[in-house]
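Encoded as structure tokens, the structure appears first; notes follow it.
Index from 1, following the sequence. None of these values were measured; they are calculated from a predicted model.
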Amino acid sequence: MTGLQVTIHPGSDVLIPCGARWDSLRAPLAHLLQRPELLTAPLWADGVGLDTSAIVGERPLLAGALITTTPLPYSRWGRRERPAQ
């Protein structure tokens with residue numbers, strides 16, 4: 001399993017395993033980065049809402065993605081979507 005680099009805003013670059021489900025990474029990332037809000041806050045990758053079924057290596061969780069807890073005013077994919085609750 002290979003990894004890809006993403007940035008957890010504001011400026012924490014992390015390597016995450018390709019093929020992993022996003023919901024399996026939230027707790028380890030929250031612990032590693034000491035960011036408890038990553039456990040429950042709605043998250044966006046490059047302006048597109050992440051849901052629990054998102055897979056690393058598939059759009060929008062691609063190399064270089066910017067993961068944020070608030071939506072960006074733009075999306076690299078041309079639209080902005082709210083994550084599923």
**Request:** Verify the cluster assignment for Val6 and Leu33: are they in a single hydrophobic cluster under the rule of side-chain heavy atoms below 4.5 Å apart?
**Result:** yes

**Fill in**
Heavy-atom closest pair (Trp44 atom, Thr69 atom, distance to 0.1 Å) is CZ3-O, 3.4 Å

**Message:** Could you measure the distance from the CG atom of Leu66 to the CG atom of Asp46? Nearest 0.5 Å is fine.
**Reply:** 6.0 Å

**Request:** Measure the spacing between CZ of Arg26 and CZ of Arg35 and express it to the nearest 0.5 Å.
**Result:** 11.5 Å

**Request:** Examine distances only and state if a side-chain atom of Thr68 and a backbone atom of Thr70 form a donor-acceptor pair shorter than 3.5 Å.
**Result:** yes

**Message:** Given 3.5 Å as the limit, does a donor-acceptor pair link the side chain of Arg21 with the main chain of Thr52, or not?
**Reply:** yes

**Item:** Short side-chain to backbone donor-acceptor contact, Asp51 and Ala54, under 3.5 Å
**Value:** yes

**Prompt:** Closest approach of Pro60 and Ala45, non-hydrogen atoms and distance?
**Reply:** CB-O, 3.7 Å

**Request:** Starting at CG of Leu50, measure out to CG of Asp23 and round the result to the nearest 0.5 Å.
**Result:** 11.0 Å

**Asked** More than 12 non-hydrogen atoms from neighbouring residues, nucleotides or ligands closer than 6.0 Å to CD on Gln34, yes or no?
**Response** no

**Message:** Which residue in the set Leu32, Leu43, Ile67, Ile16 passes side-chain contact (heavy atoms from CB on, under 4.5 Å) when paired with Ile8?
**Reply:** Ile67

**Closest non-hydrogen atom pair, Leu25 against Pro17** = CD2-CD, 4.1 Å

